[in-house]
Amino acid sequence: MSKVFYETAAIDYANAAPHIGHVYEKIICDFLARFHRLDGYETNFVTGTDEHGEKIARAAKNAGQEPQAFVDYVSEQLFQPAYQRLLISYDDYIRTSSERHKRYVQEILRKVYEAGDIYYAEYEGLYSVGSERFVTEKELVNGVLPGDSEPPILRKEANYFFRMEKYRPWLIEYLSEHPDLIQPQAYRNEVLEMLKEPIGDLSISRPKDRVPWGIPIPWDENHVTYVWFDALLAYASSLESRGLFEKFWPHAWHVIGKDILKPHAIFWPTMLKSAGLPIYKRLVVHGHILAMDGRKMGKSLGNAVDPLALLDKYGVDALHYALLRDTTLGSDSPFGEEVVAQRLNSDLANDLGNLLSRVRTMLLKYCGGVIPAPSSPDSEVARAGVALAGKVRKEVDALRIHLALEEVLQYVRGLNKFINDVKPWELARDPGRQKELESALYTVVEGLRIASVLLEPALPTKAKELRAALGLGDYTLEQTETWGLSPAGTRIPEEAPILFPKLEARTENAQAKTEPQSSNALIGIDDFAKVDFRVAEVLKAEKHPKADKLLILTLNVGDHTRQVVSGIAQYYTPESLVGKKLVLVANLKPAVLRGVESQGMILAGEDAQGRIVVITPEQDLPPGAKVR
RNA sequence: GGCUAUGUAGCUCAGCUGGUUAGAGCACACGACUCAUAAUCGUGGUGUCGGCGGUUCAAGUCCGCCCAUAGCCA
C-alpha cells in the first residue's frame with residue numbers, strides 16, 4: 001500500500017480575523033500532517049481562504065474597500081501571518097479569488113453542465129442576506145432567522161441548479177459501503193438521517209447584477225457561482241494547479257467543524273460524483289471550542305480567548321499541546337488560558353522538561369557529558385518504549401489524539417519513576433557500579449528520544465530542542481520502534497536552556513473577562529466586612545525548620561494564641577519580632593506551609609527595593625482589638 | 001414534535017463484543033528522595049457509573065421509559 005496522505009483544513013471565510021476555532025482546526029490538521037510525515041507518508045496539507053460571496057462584498061463595502069483589496073488584506077495580513085506564527089505546516093494555501101482556482105471551478109462547472117446535471121429555473125422565496133440563502137418560514141423565529149440581525153426579504157430570481165437530489169440514492173449506498181467515510185460515527189448517523197428526506201437540488205449561482213463578487217458561470221456571464229460550489233472545489237484546485245491531483249486526491253482527508261457537515265457530507269460527494277471524480281477518503285468532524293464555563297464563546301459574551309495572546313504568552317508548543325490534549329475530537333470542549341498554563345506546568349515542565357534536566361545533569365556529572373553504551377533492550381522501559389509507537393498510531397488512527405498524547409506522557413512519567421527506582425546518585429557513590437549507572441542513564445536518554453519523536457507532531461519546536469539538548473538529531477516514527485539508536489559517545493551540549501519555563505495563568509484576568517460588567521476589581525463594603533483583622537502580639541518567633549524564608553510566629557490574639565507561618569525570615573530575625581504588635585487576618589482559612597499549619601496571615605507591605613515591612617499600630621492597641 | 005449523540009471521582013476523560021473489590025491524569029493531603037524547573041516517586045476516594053424499571057447466574061456495559069445537555073431535521 002502506498003503511503004500517501006492528503007489533508008485539508010476547511011478554508012476560512014475571509015470576512016473577519018481568525019479566532020480560536022480556526023486555530024483549533026488548523027492545529028488538529030497540523031498534528032495529523034506532522035504525524036503522517038514522521039510515519040513515512042508522502043504528505044500534502046492544504047488550507048486557504050474562501051473569498052467570494054455576498055457577505056464578503058458587504059464587509060468590503062463597510063470597510064470602504066474593493067472586494068479584492070479587502071480579501072487580500074484578510075487573507076495576507078490576518079490569516080496567513082497568524083498561521084505562520086502558529087507554525088501550521090501547510091504545503092499550499094489556496095485562495096478562491098486566485099486565477100488557478102477560478103479556472104478549475106469553471107472547468108468543473110462545465111463538466112457537470114455537460115453531464116446534464118445543471119438546469120436553469122426561477123425561484124421565489126424568503127432570502128436571508130446574513131446567511132446568503134433562501135430560508136423557509138418554519139425556520140424563522142419572530143420573523144428572523146436565528147443568528148441573523150435582519151429579517152429575510154422576499155426575493156425572486158432565476159438561478160442555476162445542480163441536480164443533487166438525483167444522487168441521493170447513490171450517496172446513501174456509498175455511505176453504507178464506506179462506513180468509515182465520516183468520523184466520528186455520530187456525524188455519519190446525522191448525515192444518514194438527513195438523507196432519509198429529499199435533499200432537493202442545490203442552487204449554485206447568483207445573478208451577477210446583484211452579487212458581482214464571484215466566479216462567472218462559464219456559459220452565462222450574467223451569473224456567478226454560489227459560494228459552496230466555488231469553495232469546496234478549492235480542496236481539488238490546489239492539487240490540480242500544482243499537478244498533484246492524481247497522486248494525492250484519492251487519499252484525501254477533510255477536517256471540518258461540525259457546523260459545515262452538510263455541505264461536506266452531501267453537497268461535496270454528489271458534486272464530485274457528477275464531475276466524474278473520486279470521492280474523498282475521510283471526513284473528520286470536530287466540535288467547537290467553548291469558554292471555560294462551558295458556554296459558547298463569543299465576542300458579545302466577552303469570553304472569547306485570543307489565540308495569538310496565548311501564543312505570545314505560553315509559546316507555540318504549549319498552545320498546540322494543550323489544544324490537542326484537552327479537547328476530544330468530535331465533541332465541544334471548554335478551553336482557556338488556565339488549560340494552557342496547567343498543561344504547560346504539569347505535563348511539559350514538571351514531567352517532560354524536568355526529566356530532561358535531570359538526565360542532562362547526571363550525564364554531565366557522572367558520565368563526562370557523553371552518552372554511554374546502549375542498555376539492554378530487554379528491560380521493561382525498553383520494551384514499553386519500542387511498543388509505544390504502535391499504541392500511539394492506534395489512537396491517532398481512531399482520531400483520539402488526546403489519548404495518544406496521554407499514552408506518551410504515561411511513558412514519560414514511567415521514566416521519572418525509573419530514575420527514582422534505580423537511584424543513579426547512589427550508584428555514583430560506588431565506583432564498582434559505574435556500568436550499572438551508565439546503563440540506567442542510557443535507558444532514560446533512549447526513552448526520551450522515543451518520547452520526543454512521538455510528541456513532535458504536538459510540539460513542533462520543543463521536541464527537536466529536547467533532542468538537541470542530548471546531542472541527538474531527528475528520527476522517524478519507525479525509528480522509535482528499535483531500542484538503542486541514540487549513538488553511544490555522543491557529547492551533549494554543556495549548556496541548554498530550560499525547555500519549558502513555568503508560567504502562572506492570570507486567573508483574575510480570566511475572571512474579569514467572563515464578567516465584563518463587573519466594576520473592575522472594586523469591592524463593596526460587604527466584601528471588606530468579611531475580613532476579620534485583629535491586632536496580635538508576637539509571643540514567640542522561630543525559624544521554620546524546613547524553609548529558609550519562613551518564620552513560625554506564636555501570637556497573642558487577646559482571648560487565645562495562634563500559630564502563623566509568615567514569609568518574612570529574610571527581613572526580620574525571630575528575636576526582633578517578639579513583643580511587636582502586628583495586624584493579623586484572623587479568619588483566613590488555615591493552610592499548611594512546608595508541614596507547619598498557619599492559622600492566619602500577617603499584613604505587610606513592600607518598599608521600592610522589595611523589602612518586606614510588617615504593619616504595626618501607630619499607637620498601642622490591646623491584643624485582639626478589631627481593625628477596621 | 002422526530003432523530004442522533006452525550007451524561008462515570010471536584011475538573012478533563014478511559015472503560016473492547018455484559019463477568020473478579022469501576023480506572024487514569026490534574027487538583028488536594030501526607031510520606032520518601034535529592035540527579036532535577038520548590039521538580040520527581042509512593043500512599044490516600046463513602047463515586048447512588050443521570051433517574052426508574054426490565055432481561056440475565058452476572059449490567060457502567062443490553063432493552064424500555066423518564067430527566068438534563070448539545071446538535072441535526074421538520
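Residues R449(A) and E446(A) are paired through a salt bridge, judged by an N-O separation under 4.0 Å between the basic side chain and the carboxylate. Salt-bridge formation is detected for the pair R413(A)/E406(A): a Lys NZ or Arg NE/NH1/NH2 atom is positioned less than 4.0 Å from an Asp or Glu carboxylate oxygen. The residues R188(A) and D180(A) are annotated as not salt-bridged, no charged nitrogen and carboxylate oxygen being separated by less than 4.0 angstrom. Ionic pairing of R383(A) and E380(A) is not present here: no N-O contact between side-chain nitrogen and carboxylate oxygen is shorter than 4.0 angstrom. K417(A) and D421(A) are joined by a salt bridge, as a carboxylate oxygen and a charged side-chain nitrogen come within less than 4.0 angstrom of each other. Salt bridge R467(A)/E456(A): present, at least one basic N to carboxylate O contact under 4.0 Å. Of the charged side-chain nitrogens involved, none lies within less than 4.0 Å of a carboxylate oxygen, so that E426(A) and K423(A) do not count as a salt-bridged pair.
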Mind listing the N/O atom pairs, protein and nucleotides 2-5 of chain B, below 3.5 Å?
residue, atom, partner, partner atom, Å
C3(B), O2', E193(A), OE1, 3.1
U4(B), O3', N189(A), ND2, 3.2
A5(B), OP1, N189(A), ND2, 3.2

Give each protein N/O atom lying under 3.5 Å from an N/O atom of nucleotides 42-45 of chain B, with the pair distance.
none

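Distance from the side chain of K502(A) is smallest to U37(B) among U37(B), C41(B), A70(B). Side-chain atoms of N420(A) lie closest to C35(B) of the nucleotides C35(B), C13(B), A24(B). Relative to the side chain of K258(A), the nucleotides G25(B), A39(B), G71(B) differ in distance, and G71(B) lies closest.
Spacing between atom CG of L290(A) and atom C1' of G71(B) amounts to 12 Å, rounded to whole angstrom units. In this structure, L348(A) atom CG and U40(B) atom P are separated by 12 Å, rounded to whole Å. Between the P atom of U34(B) and the CZ atom of R358(A) lies a distance of 12 Å, rounded to the nearest Å. For N345(A) and U37(B), the CG to C1' distance is 10 Å, given to the nearest whole Å. For the pair I199(A) CD1 and A74(B) P, the computed distance is 12 Å after rounding to whole Å. Between the CD atom of E465(A) and the P atom of U37(B) there is a distance of 17 Å, given to the nearest Å. What separates CG of D347(A) from P of C13(B) is a distance of 15 Å, to the nearest Å. Rounded to a whole Å, the CZ atom of R413(A) is 15 Å from the P atom of A39(B).
Across all strands shown, R400(A) has heavy atoms under 4.0 Å from sugar-phosphate atoms exclusively, and none from any base. Nucleic acid contact for R360(A): none, since no nucleic acid atom lies under 4.0 Å from a heavy atom of the residue. Residue L499(A) is in base contact, counting any heavy-atom pair closer than 4.0 Å across all strands shown. Counting non-hydrogen atoms under 4.0 angstrom, T328(A) reaches the backbone sugars and phosphates but no base. Note on M194(A): only backbone sugar-phosphate atoms sit closer than 4.0 angstrom, heavy atoms only; bases stay farther off. Counting any heavy atom pair closer than 4.0 Å across all strands shown, D351(A) reaches sugar-phosphate atoms only and no base atom.
Interface remark: the D326(A) side chain does not form any donor-acceptor pair with the U12(B) base, using a distance-only criterion of under 3.5 Å. Judged by distance alone, with hydrogens and angles left aside, N350(A) brings no side-chain donor or acceptor close enough to the base of A39(B) to form a pair under 3.5 Å.
A24(B) and G42(B) are spaced 11 Å apart, taking the P atom of each and rounding to whole Å. Taking atom C1' on both A5(B) and U43(B), the two are 39 Å apart, rounded to the nearest angstrom. For the P atoms, the distance from U56(B) to U69(B) is 35 Å, rounded to whole Å. For the C1' atoms, the distance linking C28(B) with A9(B) amounts to 13 Å, nearest Å. As rounded to the nearest Å, A58(B) and U6(B) have C1' atoms that lie 27 Å from one another. Remark: the separation of the P atoms in U4(B) and G23(B) is 33 Å, to the nearest Å. If you take atom P in C63(B) and the same atom in G25(B), they sit 32 Å apart, rounded to whole Å. When the C1' atom is used for both U37(B) and U61(B), the distance is 43 Å, rounded to whole Å.
Heavy-atom distances to RNA chain B give each of R429(A) and Q342(A) a nearest nucleotide, and the one nearer the 5′ end belongs to Q342(A). For Y366(A) and S346(A), each mapped to the nucleotide of RNA chain B holding its nearest heavy atom, the one lying further toward the 5' end belongs to S346(A).
Under 4.0 angstrom from either OP1 or OP2 of G71(B) there lies no side-chain N or O belonging to H288(A). Between U34(B) and K423(A), no contact under 4.0 Å exists linking OP1 or OP2 to a side-chain N or O.
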**Prompt:** Yes or no on side-chain hydrogen bond (donor to acceptor under 3.5 Å, both in side chains) for E337(A) and Y314(A), after CA distance, side-chain angles and deciding distance?
**Reply:** CA-CA 9 Å; E337(A) 178 170 354; Y314(A) 295 93; 2.6 Å; yes

**Message:** Run the side-chain hydrogen bond (donor to acceptor under 3.5 Å, both in side chains) test on S375(A) and T443(A) for me, step by step, so that the C-alpha distance in whole Å, both residues' side-chain angles and the decisive distance to 0.1 Å come before the verdict.
**Reply:** CA-CA 6 Å; S375(A) 57; T443(A) 299; 2.9 Å; yes

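When both distances must be under 3.5 Å, the Watson-Crick or G-U wobble mate of U56(B) does not exist. Across the strands present, A24(B) finds its partner in U12(B); the criterion is a Watson-Crick or G-U wobble pair with both atom distances under 3.5 angstrom. When both pairing distances are held under 3.5 Å, A32(B) makes a Watson-Crick or G-U pair with U40(B). Both distances falling under 3.5 Å, in either a Watson-Crick or a G-U wobble arrangement, occur for no nucleotide opposite U46(B). Remark: U69(B) base-pairs with A5(B). Criterion, Watson-Crick or G-U wobble with two distances under 3.5 Å. Across all strands shown, G18(B) remains unpaired; no Watson-Crick or G-U wobble contact has both distances below 3.5 Å.
Between F267(A) and L232(A), the shortest heavy-atom contact is CB-CD1, 4.1 Å.
Geometric assessment of K258(A) against the ring of Y187(A) yields a negative cation-pi assignment under the 6.0 Å and 45° thresholds.
In this structure, Y167(A) OH and M271(A) CE are separated by 11.5 Å, a value rounded to the nearest 0.5 Å. For the atom pair D201(A) CG and N159(A) CG, the distance stands at 12.0 Å (nearest 0.5 Å).
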